[in-house]
Structure formats: structure tokens, C-alpha cells
J.: 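Just passing along the structure, written as C-alpha cells.
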Protein chains: 2
Amino acid sequence: MSEPRFQAVVADDHAIVRSGLRAALESPGLVEPAGVKVVAEAADGLSAIAAIRQHRPSLLLLDVQMPLAGGLEVLIEARRWSPETRVVVLSGVTSPGKIGELVSCGVDGLFSKGEDNDELFGALPGILRGRRHVSEVFRRMLEEAPEVPDLSERERQVLNLVVTGRSNKEIAQILGISVKTVDRHRTNLMQKLDVHSVAQLIAYALREGLIAPTSGL
Amino acid sequence: MSEPRFQAVVADDHAIVRSGLRAALESPGLVEPAGVKVVAEAADGLSAIAAIRQHRPSLLLLDVQMPLAGGLEVLIEARRWSPETRVVVLSGVTSPGKIGELVSCGVDGLFSKGEDNDELFGALPGILRGRRHVSEVFRRMLEEAPEVPDLSERERQVLNLVVTGRSNKEIAQILGISVKTVDRHRTNLMQKLDVHSVAQLIAYALREGLIAPTSGL
DNA sequence: GATGGATTGGGGGATCTACCCCATCCTGCG
DNA sequence: CGCAGGATGGGGTAGATCCCCCAATCCATC
């Protein structure tokens, strides 16, 4: 058997997923003529980046949601340190916003974890030859996605603090601005997002993935 | 090769995870002498239950978070229709509350997806012989878990409505009670949970998995 | 049958939210 | 240069929230 022509790095926080992907990638006949060899696995974003810098593989298969660094950050870093690496992102359920970011940052492949993997593995040879492939599910999601109500930097900060349970007074102290200004940002925020209460604001933020659900309190 | 002695059903909403688990379970040498055969896969809770009723396998490997029915519901239904099936739950990151529920409902095995699978596969033979095994991570989580602030039925209803963005007035109309009573429940709720605003209430509810993040608006 | 909890609800008040009004300052852009 | 847009705030207000006070009912458990 000849040496595998393509090297791959697999990044996912679940060990089972990593071994499943490794097995699938290395199964003979997937990519002709020599197949793919998984040279490294990573359980979090930072070690994924480290693995990219070390191996500069042909392919990076990575999950969107990972500890320490998300899919988007890893994508950007991968582009920086190993521009020729094809980056394929696997996503669980994510918001149109996140998906859109990934696409506009130029992922080479974008697939859902939930659907069959046939689409992924069917498209892989093409991707390794430089084609791009965004899963049908996500393409529809992006078309149907209605609003992209882009928020300013300050608004995003305020939103994050609101969502973590801070009152206007606390936010004002944290950001070193007046309560009135926080109030202003909040009003603009709710107008942009077309909601009318903190609860809806939080629900929206979580749904759209504007903020991490892991941000404490 | 002799017929496998143990039949298994694998339930997870991600196809990659299912195939990874199938490969690992069916790899020779895992369980002596005859190994495990995966007789069915399920991508959601309801088909998991259906598979259990049809196959009555020795082992059910299932994810906590699945569409249509969660891990707990599937566990309960599995016990009902196939009491001799060993149920092993795999969990991503979940709250102490959910973990505690699973344990007190008597799962035969409880493992984290993030950690190495060695613990799972090492414990599997024992589990198939009737032993129970809760992963070290979760055992520590349960020990360190401080509060179990159990809420009344009404409080839970109110919490759910608050979290989905309803105002006190709306909640009062929905439940057919006075605004004052809603207010009362809310106050008690916040006292029990030691929080002081809607935002913190929502953050708490999401963090502890008291409510589904998928509840609209 | 008494005690405790859950649920119900009214009065009242301090505070906060949501949203108007207004203005200033700065920065980037045609 | 003007001018839009972002960020900054002050005044004001109707309404909502948060949290006290109080008491009634029902229901289980001791």
C-alpha cells in the first residue's frame, strides 16, 4: 500500500466523534488512490491550532463548538498558519448567524452532524481538490434567514452583560459610562432586534448564538 | 465466529457518533467471548424507544440530548418495555440536576463524551454483567453540587413562562390567576434560587437545564 | 385536629425598565 | 466641508419589577 497522499487533523471535543471520523476518513476507497491519514486529533480549539501549525495537513475536520476556541477562531488561525489546508467544519445545530460567518470567512466545507455523513464523504474528494461544498441544509438556512441586524461593538458588550444578569447600574459601572447611556444602548438594541423585554433579549441572543451559553451567572 | 451474545442499540442524533460507537462496540475483543452486535441505530428519542421495544437488546447506549425525547424519557420508557436492557447514557456537558435525575432513575452507566472512552469501554463488560458504573467526573460533580432548590409545580410553570419572555400580566392571563400571585411565585422563585432579576433567573434556568433552550421566543 | 406547605391574592413602596424628548462629541466618508 | 452614524448623557414618565406587609384556602402529614 502506498503512502497516503492526504494528511488530516481531526478536532472535536468528543473522543467518540474523533475516533468515528478517523475510522471513516481512513477507510479505504474514500479518496483515491491513496486515502487519507489522520495525523493528529485535537480535543479543543487551541490544540487544534497547535496541530495545524505543526502538521500543516491537507485537511482539517473540525467541530464548531469546542472548548478554548470555537470553530471560527480555529478557521482563522488555520488560514494564517497553513493557508493550503482545506478546512471543513462540522456543525451541530447552530444559528444562521454563525453559519453565515463561517461561510463568509471561506470555509471549504460545511456540514451538519445530524444529517447523514454521505454528503460529507461524498464531497470530500472534491474539497481536497479545491472545490467548496456547503451542505444543502445550511444553504437553505441562509436563504431563509431573515434579518442580520448587525450590532455595534458597544451594543454587543451591553448585550453580553444584560444576558449575564447585570442590571443597568452594574453595566454602567463595568463599562465606566452613565446609566443613561446603557439605557440608550439597550433601547437601540431592542429596537434593532425587535424585542421588548430582557427575557426576549436573552432568548434572542441565545438563539442566534450572539453570546455563549456558558457565560456564568 | 460464534453468534454475538450481546445485542445493542445505539441512539445519538449525530450520525458520526453512532458509527463511531458501532465500530467501537463491534471491535473484537471488547467483550469476551462473543462481542457485541449493534442491531439498531436511532437518531432521536422516539425511534430509540421504538428500537428498544422491537429488539429488547442487552444494551442501550444513548445520548442525553436528542430530538423528540431526551435521555431521561428514553431511559424510563426503556425500563418499561425492556427491563432487562442495560441502559448506558453518554452525556456532553450537562447540569448536576440532569445527572442527578439520571442516577436516581437508575441508569446502569453514565459517561462523559468529552473524556476518554477508555472508562466506558473498560466498564462495559461489567455493566453487561449487571454492575453499574457512573463516571468519575459525574460522581465528583454530584458531590460538589451544592443546591437542589426544588421548585413547586406552579413555580416551575411560572419560571418557564418568565424565561420565554412573558410579562407578569401575560403569565397571569395564561395561568388564569392574579398578577399578584404571579409576582408572589416569582419572588419565592428568586429567593429559592438566590437571584435578583429576570436575567439572572433565565441564566440560572438555562444553566441548570430547568428549561429547554429550544423553547421559542 | 394541628401544623406546615403550596397556592391564592390585596396594599404599598423603592427601584428599575422601556422609551420618549433633547443635546454634544467624534470619526469616517463622499 | 458637511453630514450621517456611533457613543455619550440629561430630563421625564408610564409601567413593570422586586420585595416587603398581610391573610385566606386547600391538602397532606404527623
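Being a predicted model, the structure only gives us computed values, none of them experimental.
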J.: With a 4.0 Å cutoff (strictly under), does any side-chain N or O of A/Thr181 reach OP1 or OP2 of D/dG9?
T.: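 Checking A/Thr181 against D/dG9: at least one side-chain N or O falls below 4.0 Å of OP1 or OP2.
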J.: With the side chain of B/Glu155 defined as its heavy atoms from C-beta on, choose the nearest nucleotide among D/dG9, D/dG6, C/dT7.
T.: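 For B/Glu155, the side-chain atoms sit closest to C/dT7.
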J.: With a 4.5 Å cut-off on side-chain heavy atoms, are A/Leu90 and A/Leu62 touching?
T.: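 Result no, sub-4.5 Å side-chain heavy-atom pair not found.
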J.: Return yes if some donor-acceptor pair links the side-chain N/O of A/Glu155 with the main-chain N/O of A/Ser152 below 3.5 Å, else return no.
T.: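 Judged by distance alone, yes, a pair lies under 3.5 Å.
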J.: Are B/Lys113 and A/Asp12 ion-paired here, with the side-chain N under 4.0 Å from a carboxylate O?
T.: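 So B/Lys113 does not pair with A/Asp12 through a salt bridge.
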J.: Could you give the CG-to-C1' distance, from A/Leu189 to D/dG6, as a whole number of Å?
T.: 14 Å
J.: Is there a side-chain polar atom (N or O) of A/Arg154 under 4.0 Å from OP1 or OP2 of D/dG6?
T.: no
J.: How sharply is the helix from C/dG1-D/dC30 to C/dG30-D/dC1 bent, taking the axes over five pairs at either end and rounding to 10 degrees?
T.: 40°
J.: What is the distance from CG of B/Asn188 to C1' of D/dC18, rounded to the nearest Å?
T.: 12 Å
J.: Rounding to an integer number of Å, can you tell me how far A/His185 NE2 sits from D/dG6 P?
T.: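 It works out to 11 Å between those atoms.
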J.: Please lay out, stage by stage, how B/Leu60 and B/Val10 fare under the test side chain to side chain contact (heavy atoms under 4.5 Å, CB included).
T.: CA-CA 6 Å; B/Leu60 168 63; B/Val10 172; over 6 Å; no
J.: CD1 of A/Ile171 versus P of D/dG9: gap in Å, rounded?
T.: 14 Å
J.: Could you tell me whether a side-chain N or O of A/Arg22 sits under 3.5 Å from a main-chain N or O of A/Ala40, the two making a donor and an acceptor?
T.: no
J.: Treating B/Arg53 as the side-chain partner and B/Glu77 as the backbone partner, does any N or O pair qualify as donor plus acceptor under 3.5 Å?
T.: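 It does not hold such a pair.
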J.: Provide, to the nearest angstrom, the distance between the CD atom belonging to A/Gln200 and the C1' atom belonging to D/dA16.
T.: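 Going from CD in A/Gln200 over to C1' in D/dA16 covers 14 Å.
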J.: Grab the N/O contacts between the protein and nucleotides 16-21 of chain C below 3.5 Å, and write none if there aren't any.
T.:
| from | atom 1 | to | atom 2 | distance (Å) |
| --- | --- | --- | --- | --- |
| C/dC16 | OP1 | A/Lys169 | NZ | 3.2 |
| C/dT17 | OP2 | A/Asn168 | ND2 | 3.2 |
| C/dA18 | OP1 | A/Val198 | N | 3.1 |
| C/dA18 | OP2 | A/Arg186 | NH1 | 2.7 |
| C/dA18 | N7 | A/Asp183 | OD1 | 3.4 |
| C/dC19 | OP1 | A/His196 | ND1 | 3.0 |
| C/dC19 | N4 | A/Lys180 | NZ | 3.3 |
| C/dC19 | N4 | A/Asp183 | OD2 | 2.4 |
| C/dC21 | N4 | A/Arg184 | NH1 | 3.1 |

J.: May I ask you to check whether B/His133 and B/Glu119 show a side-chain donor-acceptor distance below 3.5 Å?
T.: yes
J.: Take B/Leu59 and B/Gln7, measure what side chain to side chain contact (heavy atoms under 4.5 Å, CB included) needs, and give me the verdict at the end.
T.: CA-CA 6 Å; B/Leu59 177 67; B/Gln7 298 195 323; over 6 Å; no
J.: Quick one: B/Leu175 CG to C/dT7 P, roughly how many Å, whole number?
T.: 11 Å
J.: Tell me if a side-chain donor or acceptor on B/Thr181 pairs with a main-chain N or O of B/Ile177 at a distance below 3.5 Å.
T.: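 No, B/Thr181 side chain to B/Ile177 backbone: no donor-acceptor pair under 3.5 Å.
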J.: For A/Gln157 and D/dG6, what is the distance between atoms CD and C1' respectively, to the nearest whole Å?
T.: 13 Å
